[in-house]
2 protein chains.
Amino acid sequence: MSKPKQVTIVEVAAAAGVSIATVSNVLNRGGIRSSKETIRKVELAAEQLGYRRNTMAAGLSRNKTFEIGLIVPGLTSYYGRLAEHLQIEAHQAGYHLSVFSSGGFDPAIERRNLEVLLQRRVDGLICHGLAMGMESTRAIVNSGTPLVLINGWGWPEDIAVGAVNLGFAEACRQSTKLLADRGCESLVYVGSKHSKVIDEQRRLGFEAGIEQLNRQIPHHIVDMKELDVEAFLQEEIAGQQQRVGIIAFDDHVALKLLSAANKLRIDIPERLQMISINNNYIAMHSYPGISSWDIPYTLQAQMAIHKLLHKFGHSVETGEEREFEVPLTFIERETTQLNDME
Amino acid sequence: MSKPKQVTIVEVAAAAGVSIATVSNVLNRGGIRSSKETIRKVELAAEQLGYRRNTMAAGLSRNKTFEIGLIVPGLTSYYGRLAEHLQIEAHQAGYHLSVFSSGGFDPAIERRNLEVLLQRRVDGLICHGLAMGMESTRAIVNSGTPLVLINGWGWPEDIAVGAVNLGFAEACRQSTKLLADRGCESLVYVGSKHSKVIDEQRRLGFEAGIEQLNRQIPHHIVDMKELDVEAFLQEEIAGQQQRVGIIAFDDHVALKLLSAANKLRIDIPERLQMISINNNYIAMHSYPGISSWDIPYTLQAQMAIHKLLHKFGHSVETGEEREFEVPLTFIERETTQLNDME
DNA sequence: CTGTTAGCGCGTTCAC
DNA sequence: GTGAACGCGCTAACAG
């Protein structure tokens, strides 16, 4: 069962009593160089017949699709919001964004999605943390399709026209300092190895933060995946008299820690302080509220889209650097606010 | 700056020393009716030249795009996961899914997305809870593109070929009963009017559940949007000696309630019991863990895709009913497990 | 089995 | 200002 035939400009032209070229002119460039009368007739005919322009034919003909492809590891939480904002920015520029999820860093799926997108001849590509490695990426992308990376540090110039990176390292560095200032006598970063590069950035920032402290301070790095949360907290906090500061990979990790702490009746923020990254719904509405680094999605999305538009020849502002760093904003909540500060 | 010219079958044909039709045959139907030798030559040439089939040209030519459009209100949490699963199912059937977010039930954006999708001549459409109303929907969709609704109750046959609906009503009905059985002497449904139809389903289920109880029981319905959570809990629970049962619209709403309850030191589940819908990360990892209704995403996605495939003529199993109801599964956690039951 | 040819729907010259 | 004609890259009949 094939699709019912759709209305084409041929039929509109016939109905309006003009040629197809005229119809194309009117319906395309808003009726430049056409008489008012003609415009009216054409628009009326198009309206009545229910004409809808065929994207494929148009794209084929002018070798431009006005489509941007996005590949993200998933569509939940952070990735989902990013996708939404990118879509908005793309629309605003007259493009539309096709969103593909690579099912959590699966190289095979990622590769297939990339292939699909290139076969559609998208004008540009935005990828979040490529999983498949740059050798094969290069082979695929060398079609001439501009690629912008999000959270891709140190990629060679010949594969990506630019990158928009979140300032995770800096956020973690400052968090370390802040927790130390708040009187934490032991610091730990609870990461998530699964998200390779972005976990690494956080770790680097944490280590840099430790280095910069004026004093020696016990610290270590653990991974949420291989962590018995309650046992960890028991040992880390309940056993000692000091105040411990935790930097959590993101709000999800933070929630787990927080729940365990609540269960163990650990006093927050007296005995345990915590900072997370993402500042999503969880951080805002958990108890106690989690101090967290907010992500400026709009700016991030704008930069990514603008880098592509710039490559397309549109005149838009875009950072000069190939790697643009988007700073996060600290939102303080109860997990770091000492009671006597209220 | 236009795109660099891409390799076409013409060039592959020349390189392989065959005609373009042969190339098309080999590269398309996996080499049916072609000699081994020819296949090898063509594949080699294609490989070396970096040929990549042009989806637009193919689609234009055969009047079929193998593309399915999805419109959801957003891309976070439930919607994001739904999109991911739909994408998987679509891929498995040889289609790909273009995901569009309508920015939280915005009729204008939804309409524009629909328009874009139809201009792309997608083979089918999946929409989650249409916002713009069926009059205008009908006008748009009457292009002959099959439409499957997700969580669309009671839509006329001429606009959608079917619907896949989650059993919210039933879940809420059973929740009501369960809470009553657990000794709750007062019940309240905390909804979210913003999500019209799915809120309504829950409400109906709640009311049905109340009706079916053997005894009279105080109950009412409130909306999270216009709720001072702490004041609400104070009045509802702290002031009385009875045990209160709450059914929350989803895990997000539940988290807010839970946090307030924790803050007020309300004993859960002795004084307050709670059941939510969605069973996402929050329900699983909050403290105490929230009893919640799990959504069978895979089944839901399969049904939706299969309804479309069926319409396309593929022979797949699909429920006979136009509206297929997907049942939720109850996952019990601490918010309803009385201590003496451990 | 392979090649020839006629579209698919639209954008874009050019003449008129 | 308008219309005829060609091309975009590919598929689908047919011929051979």
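Heavy-atom basis, side chains included; hydrogens, waters and symmetry copies ignored. The sequence lines fix the lettering, A, B, ..., with proteins before strands; numbering per chain opens at 1.
Atom CD1 in A:Ile9 sits about 18 Å away from atom P in D:dC8, given to the nearest Å. Per the geometry, CG belonging to B:Asn63 stands 12 Å off P belonging to C:dC10, to the nearest Å. Taking atom NZ on B:Lys64 and atom P on C:dG9, their separation rounds to 16 Å, with Å as the unit. Atom-to-atom, CG of B:Leu60 to P of D:dG9 comes out at 12 Å; the value is rounded to the nearest Å. Between B:Phe66 atom CZ and D:dT11 atom P there is a gap of 11 Å when expressed in whole angstrom units. Between the CZ atom of B:Arg121 and the P atom of D:dT11 there is a distance of 19 Å, rounded to whole Å. Between the CZ atom of A:Arg62 and the P atom of C:dG11 there is a distance of 6 Å, given to the nearest Å.
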For nucleotides 2-6 of chain D, print each protein N/O atom paired with a nucleotide N/O atom at under 3.5 Å, atom names and distance only.
residue	atom	partner	partner atom	Å
D:dT2	OP1	A:Thr38	OG1	2.5
D:dT2	OP2	A:Thr38	OG1	3.2
D:dG3	OP2	A:Ser19	N	2.6
D:dG3	OP2	A:Ser19	OG	3.3
D:dG3	OP2	A:Thr22	OG1	3.1

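Taking the side chain to side chain contact (heavy atoms under 4.5 Å, CB included) definition, one finds that B:Glu157 meets it with B:Arg322, sequence neighbours left out. Scored by the side chain to side chain contact (heavy atoms under 4.5 Å, CB included) test, A:Glu84 finds B:Leu75, B:Thr76, B:Ser101 as partners (sequence neighbours excluded). Evaluation of the side-chain hydrogen bond (donor to acceptor under 3.5 Å, both in side chains) rule for B:Gln300 yields B:Tyr78 as partners, not counting sequence neighbours. Remark: B:Gln48 engages B:Leu44 in a side chain to side chain contact (heavy atoms under 4.5 Å, CB included) (not counting sequence neighbours). Scored by the side-chain hydrogen bond (donor to acceptor under 3.5 Å, both in side chains) test, A:Asn113 finds B:His91 as partners (sequence neighbours excluded). Shown here are the ring pair (Phe, Tyr, Trp, His ring centres under 6.0 Å) partners of B:Tyr95, two or more places apart in sequence or in another chain: B:Phe66, B:Phe312, B:His314. With sequence neighbours excluded, no residue forms a salt bridge (charged side-chain N to carboxylate O under 4.0 Å, His left out) with B:Glu47.
The residue from B:Val23, B:Val18, B:Asn25 that alone fulfils the side chain to side chain contact (heavy atoms under 4.5 Å, CB included) condition with B:Thr38 is B:Val18.
To the nearest 0.5 Å, atoms CZ (B:Phe324) and CG (B:Leu299) are separated by 5.5 Å.
Taking five base pairs at each end of the helix from C:dC1-D:dG16 to C:dC16-D:dG1, the local helix axes there meet at an angle of 40°, rounded to 10°.
Under 4.0 angstrom from either OP1 or OP2 of C:dC10 there lies no side-chain N or O belonging to A:Ser24.
Pairs of residues two or more places apart, or lying in two chains, that qualify as salt bridge (charged side-chain N to carboxylate O under 4.0 Å, His left out) and include a residue from residues 90-115 of chain B are A:Arg52-B:Glu115. Applying the salt bridge (charged side-chain N to carboxylate O under 4.0 Å, His left out) rule to pairs touching residues 7-16 of chain B yields B:Lys5-B:Glu11, sequence neighbours excluded.
Listed by residue number, there are no residues of residues 44-57 of chain B with a heavy-atom contact under 4.0 Å to DNA chain C.
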